[in-house]
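Reviewing the structure listed below.
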Amino acid sequence: MRWWDIDSVLELEKDLFPEDAWSRGMFWSELAHARGPEATRRYLVAQAGDRIVGYAGLAVSGTESDSGAAVGADIQTIAVARDHQGTGLGSRLLAELLRAATDFECSEIMLECRVDNIRAQKLYERFGFEPIGFRRGYYQPGNVDALVMRLTTAPAGGTAPEPTSEQGTQGTEING
């Protein structure tokens with residue numbers, strides 16, 4: 001994701017998450033940490049032609065003192081346009097984020113998911129995430145609880161599945 005993608009991403013964000021959509025400033029802040037040698041974020045967009053049909057983001061935090069490797073990562077967001085849901089695009093975006101976590105040498109990946117978003121929970125479970133708790137009233141203003149999930153990666157290798165090709169589902173290309 002680059003700054004010029006933000007307007008299209010915001011349209012999708014507001015459509016998919018009308019009550020708790022991220023602001024333009026939140027995306028700018030995340031992207032400010034996504035480039036250069038000190039980058040701690042990885043943000044992707046999925047495009048079908050000129051249209052952005054999905055996006056995803058990962059944030060890493062902490063380092064091990066000996067190796068400098070990131071200790072953990074948080075999946076910040078994954079979104080897929082309604083007309084591309086059920087096509088495997090969410091899986092592709094998640095696989096790319098897990099690959100990024102492996103590149104950052106993260107030992108665990110965390111995420112929060114709305115308790116009423118069963119489809120997303122099943123996706124995360126297919127990738128090995130396990131529920132570990134709840135955050136009450138996490139999603140505002142709707143006061144919806146979040147299910148906290150964690151994936152612990154194998155030492156020196158991670159668990160990121162490899163996408164089958166560079167070209168995405170149904171002609172959808174994923175770009176950082």
Side-chain angles (χ1 to χ4, degrees), residues 1-63 68-70 72-106 109-114 117 119-120 123-124 127 129 138-142 144 146 151 158 160-176:
M1 182 184 300
R2 300 293 181 105
W3 66 266
W4 53 80
D5 295 323
I6 291 177
D7 285 341
S8 297
V9 166
L10 279 172
E11 284 180 33
L12 193 51
E13 176 82 3
K14 289 174 184 171
D15 176 52
L16 296 171
F17 311 111
E19 286 189 0
D20 49 10
W22 282 23
S23 68
R24 178 180 310 279
M26 291 171 77
F27 280 107
W28 272 103
S29 178
E30 289 297 297
L31 290 181
H33 299 284
R35 297 282 183 243
E38 302 297 318
T40 58
R41 305 290 193 273
R42 177 79 168 119
Y43 276 79
L44 312 165
V45 293
Q47 293 182 275
D50 291 336
R51 180 176 163 230
I52 291 178
V53 294
Y55 57 91
L58 176 85
V60 299
S61 60
T63 58
D74 289 293
I75 293 179
Q76 301 289 81
T77 187
I78 295 181
V80 174
R82 293 180 196 283
D83 62 337
H84 279 70
Q85 291 177 2
T87 66
L89 182 55
S91 293
R92 294 251 3 250
L93 288 166
L94 180 55
E96 291 291 335
L97 292 182
L98 295 179
R99 182 188 298 174
T102 298
D103 291 346
F104 280 114
E105 300 179 16
C106 294
I109 300 113
M110 306 280 290
L111 62 83
E112 292 90 14
C113 180
R114 288 175 64 107
N117 191 344
R119 181 181 229 167
L123 168 67
Y124 301 135
F127 277 79
F129 283 84
Y138 183 78
Y139 292 99
Q140 295 297 326
V144 177
L151 174 66
E162 290 294 319
T164 57
S165 71
E166 288 302 311
Q167 189 66 16
T169 306
Q170 294 184 352
T172 303
E173 186 176 334
I174 297 178
N175 301 301

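In terms of heavy atoms, Ile52 sits closest to Ser8 at CD1-CB, 3.8 Å. Across Ala101 and Leu58, no two heavy atoms sit closer than the pair N-CD2, 3.7 Å. Residues Leu93 and Ala46 share a closest heavy-atom pair of CD2-CB, 4.3 Å. Nearest heavy atoms, Ile75 versus Ile109: CG1-CG2, 3.8 Å. Minimum interatomic distance between Thr77 and Tyr55 (heavy atoms only, all atoms of both residues): OG1-CE1, 3.7 Å. Residues Leu97 and Ala56 approach most closely at CD1-CB, 3.6 Å, considering heavy atoms.
Atom-to-atom distance recorded for Leu10:CG and Phe27:CZ is 6.0 Å, nearest 0.5 angstrom. Note that CG of Leu111 is 12.0 Å distant from CZ of Phe127, once rounded to the nearest 0.5 Å. Summarising the geometry, atom CD belonging to Glu19 is positioned 15.0 Å from atom NZ belonging to Lys14; distances are rounded to the nearest 0.5 Å. For the atom pair CD of Gln85 and CG of Leu16, the computed distance is 6.5 Å after rounding to the nearest 0.5 Å. Between Asp103 atom CG and Glu96 atom CD the span is 9.5 Å, to the nearest 0.5 Å. Separation of atoms CZ (Arg51) and CD (Glu11) is listed at 10.0 Å; rounding is to 0.5 Å.
Side chain of Arg82 to main chain of Asp15: a donor-acceptor pair is present (N/O by atom type, distance under 3.5 Å, no hydrogens or angles). Glu13 places a side-chain N or O within 3.5 Å of a backbone atom of Trp22 that can act as its donor or acceptor partner.
Side-chain contact between Tyr139 and Asn117 is absent, with no heavy atoms from C-beta onward closer than 4.5 Å.
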Run Ser23 and Met26 through side chain to side chain contact (heavy atoms under 4.5 Å, CB included) and show every step you take. CA-CA 5 Å; Ser23 68; Met26 291 171 77; 3.3 Å; yes
If you apply the rule side chain to side chain contact (heavy atoms under 4.5 Å, CB included), what do you find for Asp5 with Leu31, and how did you get there? CA-CA 11 Å; Asp5 295 323; Leu31 290 181; over 6 Å; no
Verdict with reasoning, Leu98 to Thr102, per side chain to side chain contact (heavy atoms under 4.5 Å, CB included): CA-CA 6 Å; Leu98 295 179; Thr102 298; 5.6 Å; no
Working for side chain to side chain contact (heavy atoms under 4.5 Å, CB included), residues Ser91 and Leu123: CA-CA 7 Å; Ser91 293; Leu123 168 67; 3.2 Å; yes
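A salt bridge links Arg114 with Asp20: the distance from a Lys NZ or Arg NE/NH1/NH2 to an Asp or Glu carboxylate oxygen falls below 4.0 Å.
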